[in-house]
Amino acid sequence: MSSASPTTQPEVSVPAAAAGGGRPRVLSGIQPTADSFHFGNYLGALRQWVDLQIDYQPFFFIADMHAITVDYDPLVLRERTLRAAAQLLAMGVDPERASIFVQSQVPAHAQGAWVLQCLTGVGEARRMTQFKDKSAKGGEGSASVGLLTYPILQAADILLYRPYYVPVGADQRQHLELTRDLAQRFNSRYKKTFRLPEPYILKATGKIGDLQEPTAKMSKSASSPSGIIEMLDEPTLSAKKIRSAVTDSGSEIRFDPEEKPGVSNLLTIYSALTQRSVPDLEEEYTGKGYGDFKKDLAEVVIDFVTPFRDRTLELLADQAYLSEILRQGRERANEVAEATLRDVYQRVGFVAADLGKGPASIG
Ligand code: ATP
Ligand code: LTN
């Protein structure tokens, strides 16, 4: 793991990877629900995917099954799934180290989710804040059952790989808690099968704010176009959005999320992109105004997104390469997920499909 700087300090302590016997696993997923990932996705979660692949064995996937829990267009979903794969590669996920795959191509996720659904109370699922938020608009009655069971599918996604860490943004904390509860419940009702995974959430960047409404999270579905920096936007457009981000009253560039949420959010982004500490930036901008600060950050953003965007567009032009990466990822994922699912099926009492091949093992 890269050494912990203020922006890369996780909330959990990270032990050194296990010596010998293979690297411990990490796993995470992202929904293909937009044409581009945004800065919240990248700084909150995806950058840690890239960092963790050094010391851990990574399984990273595109959560297309989660993406159909709300209204969507099938043609657009297909296109966004490939765009997501290209973006993961462009940001530095290394297919030699990481298995990158599409969730719907690994049937064990849906199969494991069914078993976990049978261990989850309806009330427990209803209490998830994401379900409450996302079903609030049209009312619970018109939300899909898939939206309700979304976190249970997420639990299956995770538990099948027995990972140590799940790198995500702070908004996923409750889903990780449910995942751990379900793992514990299964282990105690049947037999120890699942490892209890830890969320890997960074203190500094676990919640990147919307540029126009900095106390709300930057979000694909909730942010206005000017509140969100899309990684694949024209770099000049992103620079413009930074220059017109809301700042707070006063003129001081100081990190104070309560009093100055706008400036603090920009300082977080600046610090994360440059690896410079927030106090260092505060000192540099002492006596300077918001205009200078935002102009410099806009340059930093341009320098960061330009090569990322170029590389993504290059990768998107080579669909044969992308599908080969996803094929390899799917094979490795299927192997691990199916092995865990076999244990699960046996423990819940399902008769093995290959019963004729030998005595059923109990235990
Ligand atoms: P939506 O808001 O439409 O639900 P999203 O923008 O949150 O979508 P997801 O696909 O749900 O995007 O999230 C992918 C990953 O990015 C998750 O790990 C999530 O926690 C993280 N993430 C999303 N938004 C932010 C944010 N503003 N700050 C930090 N992390 C974030
Ligand atoms: N709910 C997650 C996406 C997701 C996920 C996962 C993340 C689906 N399955 C498993 C980590 C592990 C989100 O980003 N909104």
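Numbers for residues simply follow the sequence, beginning at 1.
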Verify whether the ring centers belonging to H66 and F61 lie closer than 6.0 Å. no
- Message: Looking only at the side chains, is there a donor atom on one of D296 and Y285 sitting less than 3.5 Å from an acceptor on the other?
- Response: yes
* Please check if atom CG in D73 has more than 12 non-hydrogen atoms from other residues, nucleotides or ligands closer than 6.0 Å. => yes
| query | When you measure from the side chain of Q212 to the backbone N and O of S244, does any donor-acceptor pair fall under 3.5 Å? | reply | yes
Rounding to 0.5 Å, atoms CG (L267) and CG (D280) come to a distance of 11.0 Å
For T247 and K294, the nearest pair of non-hydrogen atoms, with its separation, is OG1-NZ, 3.8 Å
Margin query: Is it the case that the ring center of F37 lies less than 6.0 angstrom away from the ring center of Y42?
Written below: no
Side chains of T193 and R347, donor plus acceptor under 3.5 Å
yes
Per side chain to side chain donor-acceptor pair (under 3.5 Å), D35 is matched among Q87, R80, R83 by R80
For S238 and D233, the nearest pair of non-hydrogen atoms, with its separation, is OG-CB, 3.6 Å
Only residue of R330, E335, R332 satisfying side chain to side chain donor-acceptor pair (under 3.5 Å) with S99 is R332
Item to complete: State whether the number of non-hydrogen atoms from other residues, nucleotides or ligands found under 6.0 Å of E259 atom CD is greater than 12.
Response: no
More than 12 non-hydrogen atoms from neighbouring residues, nucleotides or ligands closer than 6.0 Å to NZ on K240, yes or no?
no
Exercise. Check whether NZ of the Lys or CZ of the Arg R195 lies under 6.0 Å from the centre of the six-membered ring of Y164 and within 45 degrees of that ring's axis.
Key: yes
Between R97 (side chain only) and Q57 (backbone N and O only), is there a donor and an acceptor less than 3.5 Å apart?
no
- Message: Run V348 and F186 through side chain to side chain contact (heavy atoms under 4.5 Å, CB included) and show every step you take.
- Response: CA-CA 9 Å; V348 300; F186 186 97; 3.7 Å; yes
Rounded to the nearest 0.5 Å, the CG atom of L315 sits from the CD atom of Q319 at a distance of 10.5 Å
*Specify whether Y165 and Y56 have parallel, tilted or perpendicular ring planes, treating 30° as the upper limit for parallel and 60° as the lower limit for perpendicular.*
perpendicular
Note to self: Ignoring hydrogens and geometry beyond distance, is a side-chain donor-acceptor pair present between T129 and Q174 at under 3.5 Å?
What the structure shows: yes
query: Does K220 reach the main-chain N or O of Q31 with its side chain, forming a donor-acceptor pair under 3.5 Å?
result: yes
**Request:** Take E177 and R173, measure what salt bridge (charged side-chain N to carboxylate O under 4.0 Å, His left out) needs, and give me the verdict at the end.
**Result:** CA-CA 6 Å; E177 275 161 20; R173 195 187 303 278; 5.5 Å; no
Practice problem: Step through the shown structure and confirm whether more than 12 heavy atoms of other residues, nucleotides or ligands are within 6.0 Å of CZ on R78. | Solution: no
- Answer yes or no: does atom CZ of R126 have more than 12 heavy-atom neighbours from other residues, nucleotides or ligands under 6.0 Å? no
Open item on the list: Can you classify the ring geometry of H175 versus Y150 as parallel (below 30°), tilted (30 to 60°) or perpendicular (above 60°)?
Closed with: tilted
* To do: Over 60° means perpendicular and under 30° means parallel, so classify the ring planes of F304 and F308, tilted if in between.
  => parallel
Donor-acceptor side-chain pairing of Q103 and D157 below 3.5 angstrom = yes
Result for side chain to side chain donor-acceptor pair (under 3.5 Å) between D210 and one of S219, S223, S226 points to S223
